[in-house]
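Structure first, then comments.
Positions are given from 1 along the sequence.
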Amino acid sequence: RLDESVKEEADGVHNTLAIIENMAEFRPEVCADAAQQGLMQWLLKRLKAKMPFDANKLYCSEVLAILLQNTDDNREMLGELDGIDVLLQQLSVFKRHNPGPAEEEEMMENLFDALCSSLMLSSNRDRFLKGEGLQLMNLMLRERVNQEELLTPAFLPPSLSSGPSPEHVCSILASLLRNLRSQQRTRLLNKFTENDSEKVDRLMELYFKYLDAVQVADKKIEGEKHDMVRRGEIIDDDTEEEFYLRRLDAGLFVLQLICYIMAEISNAGIPQGGERGLEGPSLSLTAAPNLPAEYAENIGDGKNSEFLESEQKRIMELLENF
């Protein structure tokens, strides 16, 4: 009932969204309830309304991303409400120009977060393809929107300080290798053979960089474990989880992704790189065989146990041939 053309009522909308955000933080189960009560439908309607960009539109994108974060029911509802099309329509605004102020850039990031969460559901991936989402993503890359966000070229420079993080690049490459089929997959794999396999060399640079960082963290954690045992303290599951999170922060997740990518391209018969390649004592005698297995054990897809089992099996088969 609130009329956002009236400032006081627009503030009311903003404050209401703040209440929902705070509730979702300390009671995550409210996300499914709120969506069922019509909040998601309202958010989508507000996002596509022909109104000037303002703080409420930004907040709507943020709350939508929160609703889709960890709830498959909400992801399914988004698809049924044609929400994938709404997200693509909103993102298409940025296909030929970068977002303006910082708030508009934040909204674009929220929309991408919402889209990525929604694509965890296979039915939404079909809707994404039918809605020409892949073509839109390609167009945004070709038009060099946010040039520092371009993927393949950013994989090459020794320093990524002005580009996307290695975690983002490796996550996208791993996802592409996992999901692309036939000609699209072949085109991606061929990228690793270009210019004397320079991308394989870059992959190896990242491998040794993150391996060193993780080994430093592991050594420190082992020292702490030794001290705890010496003091008679119990290393329980919570403590082990804390240690594992620290290893992830040190770069373990990126290292796992790199090893997974190496296993994929190695099984595809990609030639060795010019400098170090995918073989040699440094790689074969370190953590490479174990890291993708550890990665496989910790992957998940919401409550889709069938996906989890098949993906774990596929990764282990890759390792057998690595």
Between the side chain of Asn56 and the main-chain N/O of Val13, is any donor-acceptor distance below 3.5 Å? no
Taking the side chain from Asp54 and the backbone from Lys57, do they hold a donor-acceptor pair closer than 3.5 Å? yes
What's the shortest heavy-atom distance between Ala174 and Leu257, and which atoms? CB-CD2, 3.9 Å
How about Glu233: does its CD atom have over 12 heavy atoms from other parts shown lying under 6.0 Å from it? yes
For Leu115, does its backbone N or O pair with a side-chain atom of Ser118 as donor and acceptor, under 3.5 Å? yes
Non-hydrogen side-chain atoms of Leu44 and Met40 separated by less than 4.5 Å: yes
As a quick check of understanding, evaluate salt bridge (charged side-chain N to carboxylate O under 4.0 Å, His left out) for Glu4 and Arg46, giving each step before the final call. CA-CA 11 Å; Glu4 291 189 58; Arg46 178 61 178 81; 2.8 Å; yes
Arg75 side-chain N/O to Leu68 backbone N/O, donor-acceptor pair under 3.5 Å: yes
Is atom CD of Glu224 surrounded by more than 12 heavy atoms (other residues, nucleotides or ligands) closer than 6.0 Å? yes
Ile258 CD1 to Glu205 CD distance, which is reported to the nearest 0.5 Å: 11.0 Å
Leu47 and Cys60 have their tightest heavy-atom pair at CD2-CB, 4.1 Å
Same cluster or not: Leu17 versus Val30, using hydrophobic residues (I, L, V, M, F, W, Y) connected whenever any side-chain heavy atoms lie under 4.5 Å apart? no
Members sharing Met51's hydrophobic cluster (side chains within less than 4.5 Å): none
For residues 212-238, which residue pairs pass the ring-ring contact (aromatic ring centres under 6.0 Å, His included) check, not counting sequence neighbours? none
Could you check if a side-chain atom of Gln135 sits within less than 4.5 angstrom of a side-chain atom of Met140, using non-hydrogen atoms only? no
Could you check Val86 against Leu78 for side chain to side chain contact (heavy atoms under 4.5 Å, CB included), going step by step and ending with a plain yes or no? CA-CA 10 Å; Val86 173; Leu78 179 88; over 6 Å; no
Linking I/L/V/M/F/W/Y whenever their side-chain heavy atoms sit closer than 4.5 Å, directly or via other members, would Ile221 and Val254 fall into one cluster? no
Do the side chain of Ser266 and the main chain of Ala263 share a donor and acceptor less than 3.5 angstrom apart? no
Within the 3.5 Å criterion, strictly below it, is a donor on Asn190 or Arg187 matched to an acceptor on the partner's side chain? no
Can you check whether Cys31's main-chain N or O pairs, donor with acceptor, with Asn74's side chain at less than 3.5 Å? yes
Regarding Ser123 and Asp126, is there a side-chain donor-to-acceptor distance under 3.5 Å anywhere? no
State yes or no: do Leu64 and Ile66 share one hydrophobic cluster built from I, L, V, M, F, W and Y residues joined by side-chain heavy-atom distances below 4.5 Å, directly or via other members? no
When you measure from the side chain of Arg127 to the backbone of Gly79, do you find a donor-acceptor pair of N or O atoms at a distance under 3.5 Å? yes
As an exercise, state the distance from CG of Asp218 to CG of Leu252, rounded to the nearest 0.5 Å. 7.5 Å
Min side-chain heavy-atom separation Leu39-Asp33 under 4.5 Å: no
So with a 6.0 Å cut-off around CD of Glu29, is the heavy-atom count from everything else above 12? yes
Spatial distance of atom CZ (Phe128) from atom CG (Leu87) [nearest 0.5 Å]: 10.5 Å
Considering only heavy atoms from C-beta outward, does the side chain of Asp227 approach that of Arg231 to under 4.5 Å? yes
Is there a donor-acceptor pair under 3.5 Å between the side chain of Asp236 and the backbone N or O of Thr239? yes
Here the ring-ring contact (aromatic ring centres under 6.0 Å, His included) pairs for residues 14-55, sequence neighbours left out, are His14-Tyr59
Spell out, as yes or no, whether a donor-acceptor pair under 3.5 Å connects the side chain of Gln184 to the backbone of Leu180. no
Any chance you could lay out the side chain to side chain contact (heavy atoms under 4.5 Å, CB included) test for Leu206 and Tyr210, step after step, and finish with the verdict? CA-CA 6 Å; Leu206 291 173; Tyr210 282 92; 4.1 Å; yes
Verify same cluster id: Phe243, Phe253 (apolar side-chain graph, 4.5 Å): no
Using side-chain heavy atoms (C-beta onward) and a distance below 4.5 Å, is Ile19 in contact with Met23? yes
Working to the nearest 0.5 Å, report the span between CZ of Phe94 and CZ of Phe112. 9.0 Å
Go through it in stages, so that I can follow the logic: the residues are Glu222 and Lys219, the test is salt bridge (charged side-chain N to carboxylate O under 4.0 Å, His left out), and I'd like the CA-CA distance, side-chain angles, deciding distance and then a yes or no. CA-CA 5 Å; Glu222 286 303 315; Lys219 186 176 180 180; over 6 Å; no
If the threshold is 4.0 Å, N to carboxylate O, is there a salt bridge linking Arg246 and Asp249? no
Between Ser197 and Phe192, is the side chain to side chain contact (heavy atoms under 4.5 Å, CB included) condition met? List the steps. CA-CA 5 Å; Ser197 302; Phe192 288 93; over 6 Å; no
Any chance the side chains of Glu264 and Tyr260 put a donor and an acceptor closer than 3.5 Å? yes
So CD of Glu109 and CD of Glu105: to nearest 0.5 Å the spacing works out to 5.0 Å
From CA spacing to verdict: side-chain hydrogen bond (donor to acceptor under 3.5 Å, both in side chains), Asp3, Ser5: CA-CA 5 Å; Asp3 180 2; Ser5 64; 2.7 Å; yes
Is the backbone of Ser182 close enough, under 3.5 Å, to the side chain of Thr186 for a donor and an acceptor to pair up by distance? yes
Gly251 versus Val214, closest heavy-atom pair with distance: C-CG2, 3.7 Å
Please determine whether residues Leu88 and Leu134 belong to a single hydrophobic cluster, defined as Ile, Leu, Val, Met, Phe, Trp and Tyr linked transitively by side-chain heavy-atom distances below 4.5 Å. yes
For Arg314 and Glu317, what are the C-alpha separation, side-chain angles and deciding distance, and is it a salt bridge (charged side-chain N to carboxylate O under 4.0 Å, His left out)? CA-CA 5 Å; Arg314 191 182 69 83; Glu317 288 174 352; over 6 Å; no
Could you tell me whether the side chain of Asp238 reaches within less than 4.5 Å of the side chain of Glu242, counting heavy atoms only? no
Taking every non-hydrogen atom, the tightest pair across Leu2 and Gly12: CD1-C, 4.0 Å
Euclidean distance, Asn267 CG relative to Met262 CE, rounded to 0.5 Å: 12.0 Å
Could you walk me through whether Gln41 and Met77 pass the side chain to side chain contact (heavy atoms under 4.5 Å, CB included) test, one step at a time? CA-CA 9 Å; Gln41 190 170 6; Met77 180 186 297; over 6 Å; no
Which atom names give the shortest non-hydrogen contact between Ala250 and Ala213, and what distance separates them? O-CB, 3.6 Å
List the atom of Leu111, the atom of Leu91, and the distance in Å for their closest heavy-atom pair. CB-CD2, 3.7 Å
